[in-house]
Each structure stands twice: as C-alpha cells, then as structure tokens.
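Report on one structure; see the data block that follows.
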Amino acid sequence: MNIIKFENVTKIYELDNVILQDISFEIQEGEFVSIVGKSGAGKTTLIRLILGLEKPTSGNIFFNEINIGQMQSSHLSQMRRRIGGIYQDYKLLSAKTVYENVAYIMEIEGKANEEIVRDVPKVLEAIGLSQKINNFPHELSGGEQQRLAVARALVNYPDVIIADEPTGNLDPYNTFEVIALLEKINKTGKTVILSTHDREIINKLGKRVITIEDGKIIRDEVKGRFII
Amino acid sequence: MFTNFKRVFNFALADFYRNKGISIATIFVLIITIALVTGLFYVYGAGNFIILQVQNKIDITAYFKADTSEQEILDVKDQLLKSLQNVTSVKYVSKEQALVNFTQRHKDNSVFSQALEQVGDNPFLPSLNITTNGLSMQYEQVAKILQSDNFSNLIEKVDFSEKKDTIDKVFSIMSNITKFGLGLALILVIVALLVVFNTIKLAIENSKEEISTMRIVGASSWFVRAPFIIQGALFGSISFVICLVATILLSYFLSSGFALVTGGFNLWDYLIGNLWLIILIQAGFGIGFGIVTSFIVVQKYLKI
Ligand SMILES: Nc1ncnc2c1ncn2[C@@H]1O[C@H](COP(=O)(O)OP(=O)(O)O)[C@@H](O)[C@H]1O
Ligand SMILES: [Mg+2]
C-alpha cells in the first residue's frame with residue numbers, strides 16, 4: 001500500500017515562480033526514499049506539501065490514500081502526529097526544556113502521565129541527552145539540538161519519518177550518526193523520507209533516490225546514486 | 001479531557017512564570033485600564049450626587065397674601081403633595097417664622113434691624129417652600145397648580161420665574177460637562193484597551209515560531225490556543241483582584257476626606273451599594289478583555 005502519493009502536483013508561488021511542475025510519485029510503506037536536488041530545487045516545498053503546510057497549485061497529494069487537500073483541520077493534526085519530522089532548522093520549542101519538548105509530543109497525543117514520565121527519560125537516555133533534561137534548546141549545541149529533534153520525531157512511534165536536510169548544519173561525525181539512526185528506524189519497518197544535497201550520504205545509502213531539477217523529477221531510481 | 005485541561009493549564013503557568021517581564025507588563029496595563037474604568041464609575045456616582053445636591057436646592061416659594069389663614073395654606077400643601085408624587089418636600093413657613101429667620105440671618109447687620117423697627121409691623125408673608133426634583137417638567141407642573149383658579153386668589157406672588165432661567169442654565173452646563181466628560185473618558189478607555197491589546201499581541205508574537213511548530217508536530221488548534229487564553233484569563237484575574245482590593249481600601253480610607261470635598265458623597269457607601277456592579281465592571285474589563293484579546297491574537301497565528 002502506498003503511504004504517500006503525488007498526483008500531477010504543481011506548486012507555483014506568486015509572480016509565476018514555478019517551484020514544482022507536474023510531479024507524480026508514490027512511496028510505499030516501509031520504503032527509504034531520498035529526495036535529492038540542488039539548494040532551491042524545491043525539496044522543502046515538497047515536504048511542506050506533504051505536511052499540508054502548503055497547498056498545491058494543482059494536482060493532489062494523498063496520505064494513506066486520503067486526499068490531504070480535503071482534510072479538516074483536526075484530521076490534518078492527526079495526520080501530522082503520524083509523521084515524525086526532523087528539520088534543518090530543528091523547529092524545537094524554544095520556550096520549553098529538553099524534557100518538555102519531547103513530552104509535548106506525547107501530551108498532544110493524549111498519552112497518560114505515567115507513560116510520559118517513563119518514556120521521555122528513556123528516549124533522552126538513548127540519544128545521550130540525559131544530562132540536559134532541564135536545559136532549554138538555545139543552551140544546546142547544534143548536534144545536541146538535532147538529536148533532540150530526532151528524539152522528538154521518534155517518541156510517538158510515527159508511521160513516517162520525514163527528515164529535511166537533517167544534517168545540513170552538522171559535522172561529519174554527527175551527520176553519520178543521524179543517518180545511521182534513520183537507517184535503523186527504517187529497519188523497524190517505518191517509512192523514511194530524507195531530503196538532502198549531500199552526495200556522500202546518498203552514495204553510501206544505496207536506496208531509492210528521487211532527483212529534482214528545474215521543478216521536475218529527472219530521475220527516480222530504486223538503487224540511486226547522486227548524479228546532478 | 002481533564003488531563004488535557006490540566007496540561008494546557010500547566011503550560012500557561014510555566015509560560016507565565018518564564019516570561020515574568022511580559023506578564024508583569026501586561027498585568028500593569030490591565031490594572032491601569034481597570035482603574036480608569038472604576039475611576040469613571042466613581043466620577044459618575046459623585047457627579048450624580050452633586051447634581052442631586054444642586055437639584056435639592058432648586059425650589060419654588062409661593063408667598064400667600066397676608067390675611068390667608070394657616071388652614072388654607074396647609075390645604076394648598078396637601079393638594080400639592082397629592083398631585084405631585086415626586087415633590088421632595090413642601091415646607092410651610094409662617095409669617096412669624098419668616099420674621100425669626102430674617103432676624104437670625106441679619107442679626108449682625110444694624111441697617112436691616114433698624115429698617116424692620118421702622119416698619120413696626122411684621123412685613124413678611126406666609127409661604128410654602130417647594131423643593132422639586134429639579135426637572136423642568138415638574139417645575140411647570142408646580143407652577144400650573146399654583147396658578148390654578150382655586151389658589152391664585154390666595155397667592156400674592158410665586159418666586160420662580162426668575163429662577164427658571166438659572167435652573168435651565170445649571171442643567172445645560174451639567175449636561176455639557178457630562179457629555180464632554182463621557183467623550184473624554186471613552187477616548188481614554190479606548191486608548192487603554194489598545195495598549196492592553198498591543199501588549200498581549202507583543203507577548204504572543206514572541207511565540208509565533210512556537211505556535212507554528214506546535215501545529216507542524218500535530219497539536220490541535222485547541223491545544224495550542226488554550227494556554228494563551230488561560231494566560232490572558234490569568235493576567236485579567238490578577239489585575240482584577242489587585243484593583244478590587246485597592247478599590248475597597250481606597251474607598252474605606254478616603255471616604256471621609258472625599259465626603260468633605262464633595263459635600264457628602266460617601267465613597268464607602270457607594271462601594272457597598274454598587275459592589276456587584278463594580279465587581280462585574282472590573283472582572284469584565286480585566287478577565288474578559290484578557291481572554292478576548294488572547295483569543296483574537298492567537299487566531300492570527302493558528303492558520304496552518
Ligand atoms: N513561501 C514562499 N514564497 C515564495 N517563494 C518561496 C517560498 N518558499 C520557498 N520559495 C522558493 O521556492 C524555491 C524552492 O525552495 P525550497 O523548497 O526551500 O528549496 P530547497 O529546500 O530544495 O532548497 C526557492 O527558490 C525559494 O526561494
Ligand atoms: Mg530546504
């Protein structure tokens with residue numbers, strides 16, 4: 001069953017700024033797909049379309065075969081909870097502590113307090129942030145912030161992990177740690193969508209690669225390599 | 001549901017505490033607004049009281065012919081009281097009483113007492129002193145009764161025609177002051193409300209990024225909005241309590257001083273007499289506005 005499907009999607013920002021043009025593809029449950037393209041190619045736009053943060057100018061996008069464009073606001077929130085997002089700019093809650101950032105995700109799901117108190121420290125332990133539980137995001141290094149973002153994305157056992165250039169601001173060591181983590185998640189059967197313009201990562205992964213250039217998909221290969 | 005409510009309440013408390021500066025600033029401007037509105041309510045009360053004082057001093061005096069009997073005059077008094085429900089008082093002053101009053105008033109002035117001695121006889125006329133509620137309508141009514149056929153032959157003269165102009169003038173001045181004051185007050189209150197609105201807007205604008213992140217990770221709009229609205233309610237409640245306590249204390253301690261200045265307006269009695277209304281006004285402007293503003297501002301950033 002496909003979990004995400006783009007059907008002739010075109011996105012034009014004002015001033016005839018065509019970002020994506022007639023994009024169609026399907027992502028099956030359990031796949032690891034990389035979206036590759038130069039900076040400004042439209043990778044972030046594509047991901048924002050999946051999350052329902054932008055509306056396509058034309059065409060349809062489906063999540064679990066339901067048209068995102070026809071979802072009510074509450075349904076959209078539910079869908080977003082099934083997606084764990086990791087972003088280049090982290091998108092952490094700056095006024096909340098490390099602990100609260102992770103707990104928040106469980107709280108919006110309506111998880112019981114006992115479960116939260118039990119799981120959050122475990123997750124923070126796993127990504128090595130146990131010592132920083134009561135710190136605020138701005139008190140963490142870039143790598144630590146990104147690890148927190150990963151913890152947050154995983155804590156609710158989402159169906160899909162979407163990582164938009166998660167390693168863009170990280171050093172090589174942290175980069176491969178994050179990628180290794182994504183591979184591990186994918187092995188547990190979760191769908192992973194990774195956007196990047198890092199050649200080394202793509203060539204090492206050896207998974208499906210969708211390449212975007214000039215707003216169009218120019219390649220979609222099952223065992224792709226980085227060719228632009 | 002209860003868990004959810006507890007959660008958003010805790011978020012509100014944490015934000016309130018962590019942004020102490022903004023919280024205090026917001027409470028401060030809310031207090032100013034409530035104080036302004038409360039002050040207006042007191043000015044309104046004091047104004048009404050003073051108008052009433054003036055109105056009570058506006059009276060009509062009907063002088064009867066020297067040979068009118070006391071019984072005849074008292075009949076007129078009964079008639080007046082019967083036909084006019086709102087007449088505050090009708091007082092009978094006999095010839096003798098008028099003389100006593102006059103000598104009392106001018107006992108230090110030898111010219112008057114000499115003049116009186118020369119007249120020899122009591123030159124004063126018996127009279128009825130009618131205190132109206134000050135409205136022109138009642139005024140005309142009193143005049144009509146006094147001028148009616150049954151009474152006009154008993155009456156020497158009615159002392160009101162000159163006073164009518166004064167009365168109308170007093171009223172026009174009063175109503176101008178009221179209109180001007182209300183207009184000014186309205187502008188002040190609007191300005192204060194704008195300041196409150198902008199302070200809360202500023203506080204929430206700081207959280208713009210967070211609101212958008214909360215939506216991206218799948219928080220329902222209710223879950224995002226509730227903490228801000230609870231914070232607004234919290235700001236309002238704290239301001240309300242502070243203002244109410246201040247109002248009670250000031251009314252109590254300033255009561256006697258204020259009564260002297262206004263000729264008897266009692267702050268404490270006014271507070272007790274209007275306690276529920278004052279609570280309603282203060283809570284409405286504090287809590288109500290805190291909530292409404294938060295709601296409107298968050299709405300703007302929730303659109304994803
Ligand atoms: N909200 C927006 N309004 C107008 N143009 C935008 C907006 N967001 C992105 N763009 C433009 O769309 C293009 C693609 O951006 P983006 O999707 O962020 O690319 P990538 O993530 O591949 O670097 C860029 O040229 C960018 O300037
Ligand atoms: Mg991008």
Within the supplied structure, the quantity of interest is the number of heavy atoms (other residues, nucleotides, ligands) at a distance under 6.0 Å from [X] [atom1]; does it exceed 12?
X      : atom1 : answer
B:Y252 : OH    : no
A:Q28  : CD    : yes
A:E183 : CD    : yes
B:Q299 : CD    : yes

Contact residues of residues 6-39 of chain B (partner chain A; heavy-atom separation under 4.5 angstrom)
B:R7, B:F11, B:R18
Contact residues of residues 222-245 of chain B (partner chain A; heavy-atom separation under 4.5 angstrom)
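Counting heavy atoms that sit under 4.5 Å from chain A, the residues of residues 222-245 of chain B involved are B:F223, B:V224.
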Proximity breakdown for [X] and chain B, heavy-atom pairs closer than 4.5 Å:
X      : result
A:I116 : side chain
A:A112 : backbone
A:K55  : neither
A:I105 : side chain
A:N156 : neither
A:Y90  : neither

Can you name the ring-ring contact (aromatic ring centres under 6.0 Å, His included) partners of A:F32, sequence neighbours left out?
none
Is any side-chain heavy atom of [X] closer than 4.5 Å to a side-chain heavy atom of [Y]?
X      : Y      : answer
B:S212 : A:K91  : no
A:I108 : B:V217 : yes
A:S94  : B:E210 : yes

Checking B:I216 against A:L53 for the side-chain contact (heavy atoms from CB on, under 4.5 Å) test, could you report, in this order, the C-alpha distance in whole Å, the side-chain angles of both residues, the deciding distance, and whether it holds?
CA-CA 8 Å; B:I216 289 174; A:L53 299 170; 3.7 Å; yes
Using 0.5 Å steps for rounding, measure from the CG atom of A:L76 to the OG atom of B:S220.
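That separation rounds to 12.0 Å.
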Using a 3.5 Å distance criterion without hydrogens, assess whether the side chain of A:R80 forms a donor-acceptor pair with backbone atoms of B:A219.
no
Any donor and acceptor pair, going by atom type alone, linking the side chain of A:R81 with main-chain N or O of B:G218 inside 3.5 Å?
yes
Please, which pairs that meet ring pair (Phe, Tyr, Trp, His ring centres under 6.0 Å) have at least one residue in residues 269-294 of chain B, sequence neighbours excluded?
B:F41-B:Y270, B:Y42-B:Y270, B:F265-B:Y270
Checking side-chain contact (heavy atoms from CB on, under 4.5 Å) for the pair A:S73/B:R215: CA distance, chi angles, key distance, verdict?
CA-CA 10 Å; A:S73 162; B:R215 292 296 278 157; 3.3 Å; yes
Output the option from A:E100, A:E54, A:E109, A:R82 having the highest count of non-hydrogen pairs under 4.5 Å with chain B.
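Most heavy-atom pairs under 4.5 Å with chain B: A:E100.
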Please determine, among A:G110, A:A95, A:G85, the option with the most heavy-atom pairs under 4.5 Å with chain B.
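The residue among A:G110, A:A95, A:G85 with the greatest pair count is A:A95.
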